[in-house]
Colleague: 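What follows is a single structure, and I will ask about it in a moment.
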Amino acid sequence: MIGGLFIYNHKGEVLISRVYRDDIGRNAVDAFRVNVIHARQQVRSPVTNIARTSFFHIKRSNIWLAAVTKQNVNAAMVFEFLHKMTDVMAAYFGKVTEENIKNNFVLIYEILDEILDFGYPQNTDTGILKTFITQQGVKSQSKEETSQITSQVTGQIGWRREGIKYRRNELFLDVLESVNLLMSPQGQVLSAHVAGRIVMKSYLSGMPECKFGINDKVLMESKGGKSGQDDTRGGGYVKNTSGLYSKPSSSTKTSIAIDDCQFHQCVKLSKFETEHSISFIPPDGEFELMRYRTTKDISLPFRTIPLVREVGRQKMEVKVVVKSNFKPSLLAQKVEVRIPTPLNTSGVQVICMKGKAKYKASENAIVWKIKRMGGMKECQLSAEIELLNTNDKRKWTRPPISMNFEVPFAPSGFKVRYLKVFEPKLNYSDHDVIKWVRYIGRSGLYETRC
Amino acid sequence: MPTVKGDGMRGLAVFISDIRNCKSKEAEIKRINKELANIRSKFKGDKTLDGYQKKKYVCKLLFIFLLGHDIDFGHMEAVNLLSSNRYTEKQIGYLFISVLIGANNDLMKLVIQAIRNDLAGRNPIHITLALQCVANIGSREMAEGLSVDIPKLLVSGDTIDSVKQSAALTLLRLLRSSPDSIPMGEWMSRIIHLLNDQHMGVVTAAASLIENLVKKNPEEYKGCVSLAVSRLSRIVTSSYTDLQDYTYYFVPAPWLSVKLLRLLQNYPPPEDPAVKTRLSECLETILNKAQEPPKSKKVQHSNAKNAVLFEAINLIIHMDSDPNLLVRACNQLGQFLQHRETNLRYLALESMCLLATSEFSHEAVKKHQETVITALKTERDVSVRQRAVDLLYAMCDRTNAEEIVGEMLEYLESADYSIREEMVLKVAILAEKYAVDYTWYVDVILNLIRIAGDYVSEEVWYRVIQIVINRDDVQGYAAKTVFEALQAPACHENMVKVGGYILGEFGNLIAGDPRSGSAVQFQLLHSKYHLCSPATRGLLLSAYIKFINLFPEIKHIIQDVLRSDNNMRNADVELQQRSIEYLQLSSITTADVLATVLEEMPPFPERESSILAKLKKKKPSSVPEGSEQKETTASKIPAVQMSNNVDIAPPTSINLMSQGESSTDDFVDQGSPQGGSASVDLLGLGSPTQPTAPSVGSGGLLDMFDTLTSHSSAPATNGIDLGGLSGGAEEAFRKFICKNNGVLFENDLLQIGVKSEYREDLGRLWVFYGNKTTFQLNAFLVDVSTPGNLSETGLSIQQKPVGGEVEAGAQVKQQFNMACVQEFAEAPVMTIQFLYSGAQQKISLKLPVVLNKYITPAEMDANTFFTRWKALNSPSQECQQIIKATSPIDHEQVKAKLIGFSVSVLEKVDPNAENFVSAGILYTRNQQVGILLRLEPNKQAQMYRLTVRASRDKVAKILCDLMQTQL
């Protein structure tokens, strides 16, 4: 189990130090600083073993979070916890920065006391935590309230309290995907996968039971010819007021194969196992309902075609063509292509038809930015790179060209088929709930070799 | 931001402050990348940069490099800067070059040319910059390229002093790094005249250079002696006001004085009387000055003064010719012995140690004996005490030995652990060297074992036994003393060893006294038996068997002890074997035989004390060589006499200190009639092939005593056959026919292991040489030769070189690549030569490379086999042998052997299941040879019939011979 948790700033100064177990000494703080933060070579492994003590660290901008243990713990659990920890902190005071941590250190210690008990992770749900760890100073709670909190935290549904009421019952579903790709210069896909998550924001009264339908192959097949279509068609509930949100598309033309997925603790896994249905009582507010990964039939939003020509030892010509590969009606945003340049570049001339391109010396790359780009379009950039003679005999390794973008669809083909809400005790039905669904596909590591 | 003025580089300052303000490593890298790109574009740009800009960018590159990033351009610009005429630009250029350009850079030629230009120029500042750069890099190429220019600067008349100074130091640097690339020229004769230079700085720099040159070639520079003396006398006699800049806290030119004094230590005392007198005067003046009241209370003043003084004393000791000076030096040091300053006391003790070795001052040193002993006892710092011990050791002679040894023994009880072992050795040596009365010697050593038993090394107690055995006048006394010492309730194991040995040999001398009767002696020894290590127990068992000879009346008690389960069935093989053998020996043989076998040990041949050798090895510098030689000649005389009286060595003896692995072989020898004089060598060190006759009587114990230095003993102990193959190797070799890994050879010095792998016609063999001793094996040489004419045809061997040394306890690996060109019959022979503590050792071994290693097993069914079998029917292709089985025929074992022989074992081919049928392919470089093999065991007759057929002539015969050795 986790023996202690430290937070450092970029200089290695300790901001937060919380030790949970006796086997972790004071010197552990320094050991990590000396061996990882101030290490001569950059430490690339997130797990470091120093004198039989394991340090797990993540970095958020300039802040280092390190969990330390002497035992053989589940590393995935520790990292999950660290990420949760940053989420919790972000939910309390916004961005995790040195300034914010210093300003909120009392709060952080309070949170740390709550979410880790003798090194065992506890409830890290921000919604719940916020009910009893507040930033508004100590509010003397009445006896009933305290007992309610206790019963709720220790009860069966620890993530939702009773008696929530909204005038407008509303819910938002975000399907966020990140596409990862490695492509050979000839356009052959070497590896591609999509990591997706479904974030739900719920503003529902009472203790509603939700049922969630997606176009996963396994779930669809098990439903068989049952009235799955009916369900979706019945969902003509929402006016499409926002451009970003659209009502659940009625056509679930094909199903997709999900490699693996994981759910929020509110999802009843037993039902998922037996009936292949996702049903849950959602926490109030925002939470991550599901995470999944797919590797098959990914529609790649962009294709990069590089052409690199080395003209003698002093000059190099690069031509890059980017093709968008989705419905013309859709619009990709924040498109950025990064073309690495050799280390001995002494000058660059770039010409591009669309967007802006610039040689960034500090990053050794040409960065080409296109604000908006429609589907089925093609853009081209050509650059002339001047090189300086060096006495370094090593050849340039040609790192891959990488891309960043944001598209309004799910590249994995993931579709939300329905989301039904049942609240037997209160007098609102599934039809009264306003539902919004949004798909966003982002680039993860989207690279093409050149 | 730091203030920048005039020539300062604003851009650089901005860049540095940017870097310092970076919040994170990433930000720093970004900033640096940006700057590098900027500099690249500037260097690449079409317009030429002016000197200032070049300097600025080179500076930035230098800064980036010093931050830890790689710089792979800009070298050319830096070299360009060298040709600038401005000081700052040149300076930066040289700085960049000395930091960034490695010795084997392509630009080095250009750099050297630029340096040469600067050296040839008139501007002294440029010359010094160039010299500084040379001194910083100091590569071989530079030494070669500038070997003419720099000495020229040094001896030329018109170079200014500061340049001369730099040139001298630069030349010194080059001489140190590449001594042989500086050609000696006519400048050499002129260089010593630099000692006469007006400028003290030049003289100081030159003194260092000259000393370095003198060390290599003293004859060439003999002239410097008189120059140095006159220079020294001028400094010494000058008042501190004379040498304005070179006076350090009222001491005139202390560094130069020390250097000159050191320089003079490279030569014998000057022959020219005038020079000699002058030098003596100088030294006297220095000694006189030490007596003057200090001119300053500052510590620097006394430090400088004492530095000169100590160096002068070193010179006095080195010359060792003027008794007056020596005595004065000694008295001066005597004063320091009581000085407040610990460092001074340390130095005084150290120098006195040297003085004690001089015949003139030895007596003078002895005067301070009391002070030194107090120092030994009261000094706080252990290193000073160590020096005191050294000094006591050095000043000891026949007159004061008893006292000094007594004091040291007394101190030993409370001595620091770090110096105990050395002290024990020293006490042991002094006691032996100056012993007038050997009873005293025995007392001292026994005391030594009592007080510091843990630190008494084997050599020390070996030595006491050696002496007791060689001198029959102390034997009785020794027996009595050890008997008394053993009566202490707790005694050290070493004491038990000495006691066991001496009582076993000479117990009869004290048996007359009823208090130390035979039974009492035995009981006393046996009371310690169970507390000892197996090695000591073995020694005690030998002592018991000797008791049986000395005191027949307690024979039955001892036999009971030997018979006890504790001994007869001891887990330790050695003890078990001894018990059984001794019991048998005592019960079977007659008293006469017993008496002959268990005769008293013959005296040991005299040799250099092994303890001394050990001390020398431990601290090569601490034993003053001079005293050593003097004293050994003195002590040789009684030593020779010692061995005279027991000269008639009995032909047989049991060596008590047998510690070997197996004594059975030797007992077999004893049983067999070997000319009546059966030699019992319980030493067990010899290998089975060792000739028993000559070495046992004298070589046995002696080897144990003196493995450090002995030359004669090496062949005896190690079983090394200088002519043919080494003992036991043939047998080991045979094992390897069916095996790829294992130990090929092992003796007391060396273990040779072999690992090998084969693929088709290629083989790779690793030989591991393990040094089993505690010393380095020097000049380690391995040579492989192939016997006869097969070297051209059979086997091609490539040998990776092996390093010249094998460290103590270390293992060295050597790889051989061997390709099989053609079939071959004889294995290659490997000859290993090395120096083990000065003695040449040679081991010849057969490398386990045999033809069958290149066979790859082949699978085939009965049909194919017999078809092929019949095809190979010409007589030259077949070889058949009838072999008598050496061990009972075991199916599985034979099968394992065949597989080890790397042929397949084909099942269900031969109708008789007992018979073996095998096939394989022999890969050689030229061709592949099919091998078919049949082995028909006959269990009744304990015979095998082996038939080998091969598609190539001769192969069958070779393989048949090889296989035969395995059955």
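Just the heavy atoms: all of them, side chains too, but no hydrogens, waters or symmetry mates, feed the values below. Convention: sequence-line order gives letters A, B, ...; per-chain numbering from 1.
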Colleague: Checking Glu26(B) against chain A: side chain, backbone, both or neither under 4.5 Å from a heavy atom?
Modeller: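 Just its side chain gets close to chain A.
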Colleague: With a cut-off of 6.0 Å (strictly less than), are more than 12 heavy atoms of other residues, nucleotides or ligands near NZ of Lys23(B)?
Modeller: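 It does not: Lys23(B) NZ has 12 such atoms or fewer within range.
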Colleague: Please report the shortest heavy-atom distance between Ser346(A) and Ser41(B), naming the atom on each side.
Modeller: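 Heavy atoms only, the tightest pair is O-CB, 2.8 Å.
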Colleague: Look up atom CG in Leu343(A) and atom CG in Asp72(B), then write down how far apart they are to the nearest 0.5 Å.
Modeller: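 The distance works out to 7.5 Å.
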Colleague: Using 0.5 Å steps for rounding, measure from the NE2 atom of His10(A) to the SG atom of Cys22(B).
Modeller: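 Nearest 0.5 Å value for the NE2-SG distance: 9.5 Å.
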Colleague: Just wondering, more than 12 heavy atoms not from Tyr109(A) lying within 6.0 Å of its OH?
Modeller: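 Buried by this count: over 12 neighbours within 6.0 Å.
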Colleague: Any non-hydrogen side-chain atom of Arg40(B) less than 4.5 Å from a side-chain atom of Glu386(A)?
Modeller: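 No; the side chains remain at least 4.5 Å from each other.
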Colleague: Just checking Arg18(A): does its CZ atom have more than 12 heavy atoms from other residues, nucleotides or ligands closer to it than 6.0 angstrom?
Modeller: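 For Arg18(A), atom CZ is crowded (more than 12 foreign heavy atoms under 6.0 Å).
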Colleague: Shorter than 4.5 Å, heavy atoms on both sides: which option in Asn389(A), Leu387(A), Asn62(A) has the most such pairs with chain B?
Modeller: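 When all of Asn389(A), Leu387(A), Asn62(A) are compared, Leu387(A) has the most.
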Colleague: State whether the number of non-hydrogen atoms from other residues, nucleotides or ligands found under 6.0 Å of Lys152(B) atom NZ is greater than 12.
Modeller: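 No, not enclosed.
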Colleague: Please state whether the side chain, the backbone, both or neither of Asn344(A) comes within less than 4.5 Å of a heavy atom of chain B.
Modeller: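 Both parts, heavy atoms under 4.5 Å.
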Colleague: Measuring from Lys44(B):NZ to Thr345(A):OG1, what's the distance to the nearest 0.5 Å?
Modeller: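 Here the rounded value is 10.5 Å.
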Colleague: Heavy-atom pairs under 4.5 Å with chain B: which of Thr341(A), Asn364(A), Asn9(A) has the most?
Modeller: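 Result: the option with the highest number of such pairs is Asn364(A).
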